[in-house]
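As structure tokens, the structure follows; a few thoughts come after it.
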2 protein chains.
Amino acid sequence: MPRKTYHHGDLKNALIQAGIEILAEEGVSGLSLRKAARKAGVSHAAPYAHFADKQNLIAAIASDGHKKIFEQFEAIRARHADDPLRQFLIGAWAYMQFGLESPDHYKITFSGAIQDEHSHPEFLEYSQRNMQALRNIIERCRSAGVLSGEDVNSELQAVSIWGLLHGLVLLMIQGQLPSRLMQTTPAKDMLIAALQQFVRVPIHKKMLG
Amino acid sequence: MPRKTYHHGDLKNALIQAGIEILAEEGVSGLSLRKAARKAGVSHAAPYAHFADKQNLIAAIASDGHKKIFEQFEAIRARHADDPLRQFLIGAWAYMQFGLESPDHYKITFSGAIQDEHSHPEFLEYSQRNMQALRNIIERCRSAGVLSGEDVNSELQAVSIWGLLHGLVLLMIQGQLPSRLMQTTPAKDMLIAALQQFVRVPIHKKMLG
DNA sequence: GCACAAATCTTGACGACGTCAAGATTCTAG
DNA sequence: CTAGAATCTTGACGTCGTCAAGATTTGTGC
């Protein structure tokens, strides 16, 4: 359906949305500027008015991923303001769910599709905001005395936890875990087993929301 | 330099090696069948005598990565046959070092460049062999009583540890950790902080070999 | 209200890529 | 020695990222 106006009106966002849809339909390798342009109903070179190159579209899509996670973190923080452990557990589960539900959007957001993060300040800012949110939660958990390993530097502990979450999500969405395990063990149980290593209190399934 | 014989002689391996070099020089996004062919001194379609498509070359390169890791695991197991904790710590460090020294070879091996692992049996076998090696080490560590979290299922613990290692390596080689942290903290220290969460005994730097 | 600059979009081109088909060359089994 | 298999080359096709030139629309200063 050709559009009526010569100008699209909101092409930049349309391209980002088209890109996200392509990721869901065809995965990271199926994402191309030309396909996003087609989906938005414009010619193949139109995106260059809004994105200097493909990397910049990817950075915008990745920033959107970070933003979605951050919004969840904020909502969780508000809903469980007085319970840092719940913030931690439910936040971790929300993070994992984003990966499981939108695997390729997750990959493009967190797994190095951006060559030089330093040249995409918007992405960098969103990324740091999430890192800071995680650190805050962990700091509060430590104060509450619910984390084990309190002898290690708290920033290093945050990195460890993020690494664990990130690695686990990637192994899952890429089908790299033994298939028998994937069929018998719900993701939530794997997450609990992993997080239990960092949490002094026993974690029940209900605690993940 | 054109070669003397019409037949290359060992093109399959030459393409794999060329691919690994390209990964080191230009990264994952610079890897192409045509470039590997050029590097091996053959025409652009010659690779198709040995690899059905690009995915199959990638799978071969990834298998090589798995093999390199596995050989290290075997050597470490032999050298510290009576000390499972050392096997675990030194093995983990070797794994991380492969990632740090050959980041793009690591990525292609462990980070989902292969679309459908099920259709590359060679890769699958190497991959499972490494997973099994990790499980064996962890099992022996548990028997020796040096791991914490012995209440969780041992396979889930193995997955957690692999996830932690994998995630940490990826965050490092993709520069996703806070830059201040990366400059001040050696990789070995980050690894120790992470592994300490799983190990009852205090880990000293020397224990990583 | 109008000329003109800026923003946006189209068309057309280029080289690189993955892949296939047809044919040339070499190896190997019988 | 010969026929077929394996290997390699050449040439083609469609897709892609990107750039340049030009068309269309929007916005701004007067």
Side-chain angles (χ1 to χ4, degrees), chain A residues 1-23 25-62 104 108 112-116 119-120, chain B residues 1-23 25-62 104 108 112-116 119-120:
Chain A
M1 45 176 173
R3 61 186 193 289
K4 294 197 166 68
T5 60
Y6 185 84
H7 281 2
H8 178 286
D10 192 22
L11 183 54
K12 185 166 186 177
N13 286 310
L15 288 169
I16 294 173
Q17 288 312 311
I20 292 174
E21 285 171 27
I22 293 170
L23 287 177
E25 293 159 6
E26 309 177 45
V28 175
S29 68
L31 177 62
S32 76
L33 275 177
R34 294 173 99 109
K35 215 170 329 196
R38 245 170 293 158
K39 226 168 199 194
V42 296
S43 75
H44 65 261
Y48 286 87
H50 304 276
F51 300 102
D53 56 18
K54 189 182 180 183
Q55 278 289 305
N56 280 83
L57 173 60
I58 290 177
I61 294 174
D104 287 85
I108 246 187
I114 302 180
Q115 308 269 0
D116 179 16
S119 59
H120 301 279
Chain B
M1 43 176 175
R3 61 186 192 287
K4 296 199 165 69
T5 60
Y6 185 85
H7 281 1
H8 178 287
D10 192 22
L11 183 55
K12 185 166 185 177
N13 286 310
L15 289 169
I16 294 174
Q17 289 313 311
I20 293 174
E21 285 171 28
I22 293 170
L23 287 178
E25 293 158 5
E26 309 178 45
V28 175
S29 67
L31 177 62
S32 76
L33 275 178
R34 293 174 101 110
K35 214 167 336 194
R38 244 170 292 156
K39 227 169 202 204
V42 296
S43 74
H44 65 262
Y48 286 87
H50 304 275
F51 300 102
D53 56 18
K54 189 182 179 182
Q55 278 288 305
N56 280 82
L57 173 60
I58 290 177
I61 294 174
D104 288 85
I108 245 187
I114 302 179
Q115 308 270 359
D116 179 16
S119 60
H120 302 279

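Values in this document were obtained by computation on a predicted structure and should not be read as measured data. Below, chains carry the letters A, B, ... as their sequence lines are ordered, and counting in each starts from 1.
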Separation of D:dC16 P from B:Lys54 NZ (nearest whole Å) | 14 Å
Interatomic distance, CD1@B:Ile58 vs CG@B:Asp53, rounded to 0.5 Å, equals 8.5 Å
Nearest nucleotide by nearest heavy atom, which residue falls closer to the 5' end of DNA chain D, A:Arg38 or A:Ala52?
-> A:Arg38
Do B:Asp104 and B:Ile108 have side-chain heavy atoms sitting under 4.5 Å apart?
-> no
Round to a whole Å and report the spacing from CG of A:Leu57 to C1' of D:dG17.
-> 12 Å
From A:His50 NE2 over to A:Asn56 CG, what is the distance, rounded to the nearest 0.5 angstrom?
-> 13.0 Å
Determine all donor-acceptor pairs shorter than 3.5 Å in which one atom belongs to a side chain in residues 27-43 of chain B; sequence neighbours excluded.
from	atom 1	to	atom 2	distance (Å)
B:Ser29	OG	A:Gln115	NE2	3.3
B:Ser32	OG	B:Lys35	N	3.0
B:Lys35	NZ	B:Glu26	OE1	2.8
B:Lys35	NZ	B:Gly30	O	3.1
B:Lys39	NZ	B:Glu21	OE1	3.4
B:Lys39	NZ	B:Glu25	OE1	2.8
B:Lys39	NZ	B:Glu25	OE2	2.9

Pick out the pairs of N or O atoms, protein on one side and nucleotides 6-14 of chain D on the other, that lie under 3.5 Å.
from	atom 1	to	atom 2	distance (Å)
D:dC8	OP1	B:His8	N	2.6
D:dC8	OP2	B:His50	NE2	2.7
D:dC8	O3'	B:Arg3	NH2	2.8
D:dC8	O2	B:Tyr6	OH	2.7
D:dT9	OP1	B:Arg3	NH2	3.4
D:dT9	OP2	B:Ser43	N	2.5
D:dT9	OP2	B:Ser43	OG	2.8
D:dG11	O6	B:His44	NE2	2.7

Here the side chain to side chain donor-acceptor pair (under 3.5 Å) pairs for residues 7-19 of chain B, sequence neighbours left out, are B:Asp10-B:Asn13
Would you say B:Phe51 and B:Ile16 make side-chain contact, with heavy atoms under 4.5 Å?
-> yes
When rounded to whole Å, the CG to C1' distance for the pair A:Asp53 and D:dT18 reads 9 Å
Write down the distance between CD (B:Gln55) and C1' (C:dG18), rounded to a whole number of angstrom.
-> 12 Å
